[in-house]
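A short write-up of the structure that comes next.
Computed from a prediction, not measured in an experiment: that's the story for all the values here.
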Amino acid sequence: MGQTTITKRYRFCAAHRLHTDHLSPEQNWAAFGKCNNPNGHGHNYVVLVTVAGRDQAAAGSPVDLARLDQLATEQIVRRFDHHDLNQDPAFKGTTTTGENLVMLIWDLLVPHLPAGQLRKVGVIETRDNYFEYAGSAQPVMQSAGRHNG
């Protein structure tokens, strides 16, 4: 029996500031430029969640899409929409880069889905910036430590 994948799109608007306490103000500006603005800046994020399931043409969709939508709404959209990512407890001591955000979203989803079902998570931050993570069944930000951009 083969497998199919389904990718669902979710959206949220959030602010953040790229900054790390490990660098001086000058080094932060050199590393992050205008994204280090003390007042922050915002994005209209698009999150792409790809899940897989066994082909079940006769039985309908191999993935419970209503459950996936509910999970994404609860774990991602409600948590981040119209919030400052720097204030989220998961980013305490961590830079709010797109790489760290996509790994956090993976961590928020993977424990709630059947083993092996989550295939990848993508985050479109801007027209030019896309981040993608395809990890293990274990949360990456918790098991591997946080990444300090």
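- In this structure, the side chain of Thr95 does not engage the main chain of Thr97 through any donor-acceptor pair within 3.5 Å.
- Between the side chain of His83 and the backbone N or O of Asp81 there is at least one donor-acceptor pair closer than 3.5 Å.
- A donor-acceptor pair is defined here as one N or O able to donate and one able to accept, closer than 3.5 Å; such a pair exists between the side chain of Thr126 and the backbone of Asn129.
- When each of Thr50, Leu104, Leu109 is tested with Val121 by the rule side chain to side chain contact (heavy atoms under 4.5 Å, CB included), just one qualifies, namely Leu109.
- The two residues Phe131 and Val102 have their closest heavy-atom pair at O-CG2, 3.8 Å.
- Checked by atom type and distance alone, the side chain of Gln27 pairs as donor or acceptor with a backbone atom of Ser24 at under 3.5 Å.
- Minimum heavy-atom separation, Thr5 to Ala52: CG2-CB, 3.9 Å.
- Rounded to the nearest 0.5 angstrom, Asn86 CG and Leu18 CG are separated by 8.0 Å.
- Pairs of residues two or more places apart, or lying in two chains, that qualify as salt bridge (charged side-chain N to carboxylate O under 4.0 Å, His left out) and include a residue from residues 3-26 are Lys8-Asp69.
- Phe80 has its side chain within reach of Asp88: a pair of non-hydrogen atoms, C-beta onward, lies under 4.5 Å apart.
- Judged purely by atom type and a 3.5 angstrom limit, His16 uses its side chain to pair as donor or acceptor with the backbone of Thr96.
- In terms of modelled atom types and a separation under 3.5 Å, the side chain of His82 and the main chain of Ala14 share no donor-acceptor contact.
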